[in-house]
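Residues: numbered from 1 along the sequence shown. Atoms within each ligand, like the ligands themselves, are counted from 1 in listed order.
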Amino acid sequence: MKTWQDILGDSITAAAHLKEHLSQIATKLDAAPEEAYLNTTSMSRIIATYPMRINPYYLQLIKKVGDPLWRQAVPDMAELLDPVCIEDPLSEEKLSPVPNMVHKYPDRVLFLVSNQCAMYCRFCTRKRKVGTGKMVITQETIDAGLDYIRRHPAVREVLLSGGDPLLLPDSQIDHLLKKLRAIPTLKVIRIGTRVPCTLPMRVTPELVAILKKYHPLYVNTHFNHPAEITPQSSFACNLLADAGIPLGCQTVLLKGVNDNSEIMRELFLKLLEIRVKPYYLFQADLTRGTNHFRTSTDTGIMIMRSLIGHISGLAIPTYALDGPGGMGKIPLTPEYILSRGDNLVFENFHGEICTYPESGDAL
Ligand SMILES: *Cc1c(COP(=O)(O)O)cnc(C)c1O
Ligand code: SF4
């Protein structure tokens, strides 16, 4: 049986290789892929700036040219023609007291511990550096990060990210978690990882045995489309959940991928079935090279309105916008309140008008 490392090693990373594989997908469907996708020269130009990695597992989920999984994985010329967005929209570099450590909120830090991912998502917020030589992670940067957390007792939670922390070898993950757990002021460890979606065979029983030694440990994963929920990804999530690891999902709202109510409804309900709680639905960041994925916030609000009250509250994430310049996340919520005063007048999920008499305390 192939190991996850073997599968990752068979990823498509070069334009010529992509052309070969995608011709096969197109032939299967008896349709010609658009010329642009098969133009090796322009594809190479994109990849030189923003790396490509499509592993065989994710590749077989792509069913046709331009489908929602294709859009997440296959480079698009629009990435080099983005007239609007900026390199580091969340000012992460400015908010890093030590390299690869973003400290934006008082009680938690974002600690980048890997520069590799099982797939390079075309819409990635850290597209400026993930998978490239611009993201330098060494034993020194990790030690400096650990030291920063030790010196800042107000930091009660660490969010491990990258890149994808679960692309590190088991022994390094074990070592890092052990060091983090030895810091008494650090209470909660959260891992942000897309491997349950993009390379579920990475979630091995051995890995899970390591993770479960370091509770309270949370895993937030990232699915964007119901077609990503497969028997393999369900199996991976079940292994994690059975180890007592609470699972959340951070979905990104992406034009042409999941920007409608039916897809979101199916995605969130299916996530619950594999024991993953939708946590955030992110409005797309202003990341350079991803402008073609951005929807209006109206689209997101409309989707949220179509879900709230209509499906289980467990399936409803917080729709959030991460403020440009490192201002932090704010919830974007449909407006249900029509007026305030002695009575709070609001609309319910059916659009019926309701009244709640205030107690008068604050009036
Ligand atoms: C998103 C984010 C977090 C975590 O925020 P939560 O609302 O707790 O999920 C922490 N640090 C940074 C820099 C972030 O961008
Ligand atoms: S898995 Fe996450 S960090 Fe990696 S490329 Fe995708 S969005 Fe970016």
Query raised in the report: Would a 4.5 Å heavy-atom cut-off, applied to side chains only, mark F111 and I142 as touching?
Result: yes
Query raised in the report: For atom 8 (Fe) of ligand 2, how many protein N, O or S atoms come closer than 2.8 Å?
Result: 1
Report task. Apply ring-ring contact (aromatic ring centres under 6.0 Å, His included) to F349 and list each qualifying residue two or more places apart in sequence or on a separate chain. Result -> H310
**Report entry** Pair D10 + K2, salt bridge at N-O below 4.0 Å
**Finding:** yes
Query raised in the report: Quick one: side chain to side chain donor-acceptor pair (under 3.5 Å) partners of T290, sequence neighbours excluded?
Result: none
Query raised in the report: For ligand 1, is R190 a contact, meaning one of its heavy atoms is under 4.0 Å away?
Result: yes
Query raised in the report: Considering all protein heavy atoms, does one lie under 4.0 Å from atom 6 (Fe) of ligand 2?
Result: yes
Query raised in the report: So, are D88 and K94 salt-bridged, with charged N and O less than 4.0 Å apart?
Result: no
Report task. State the atoms of ligand 2, each with its element, that fall below the 4.0 Å cut-off from a heavy-atom position in M119. Result -> 5 (S)
Query - D259 with R294: basic N within carboxylate O range, under 4.0 Å - result: no
Query raised in the report: Would one find an N or O of Y105, backbone or side chain, under 3.5 Å from an N or O of ligand 1?
Result: no
Report task. Number the atoms of ligand 1 from 1 as they appear, then name those within less than 4.0 Å of a heavy atom of R108, with their elements. Result -> 4 (C), 5 (O), 6 (P), 7 (O), 8 (O)
Report summary line: Atoms of ligand 1 under 4.0 Å from any heavy atom of Y279, numbered from 1 in the order shown, are 6 (P), 7 (O), 8 (O), 9 (O)
Report summary line: Checking heavy atoms under 4.0 Å, the part of E157 that sits near ligand 1 is neither
Report task. Enumerate the atoms of ligand 1 whose separation from the nearest heavy atom of Y280 is less than 4.0 angstrom. Result -> 6 (P), 7 (O), 9 (O)
Report task. Check whether the side chains of E228 and N224 place a donor and an acceptor atom closer than 3.5 Å, and report yes or no. Result -> no
Report task. Scan residues 152-161 for pairs that pass salt bridge (charged side-chain N to carboxylate O under 4.0 Å, His left out), counting only residues two or more places apart or in two chains. Result -> E157-R190
Requested in this report: For a side chain to side chain contact (heavy atoms under 4.5 Å, CB included) with P196, tell me which candidate from I229, L240, N238 qualifies.
Outcome: L240
Query raised in the report: Using 4.0 Å as the upper bound for N to carboxylate O, is an ion pair formed by K104 and D322?
Result: yes
Requested in this report: Tell me which part of L159 gets within contact of ligand 1: side chain, backbone, both or neither, using heavy atoms under 4.0 Å.
Outcome: side chain
Report summary line: the protein heavy atom lying closest to atom 15 (O) of ligand 1 turns out to be K329 NZ, 3.1 Å
Query raised in the report: Charged N to carboxylate O below 4.0 Å: is that the case for E93 and K129?
Result: yes
Requested in this report: Give yes or no for whether the N/O distance cutoff of 3.5 Å, strictly under, is met between Q250 and ligand 1.
Outcome: no
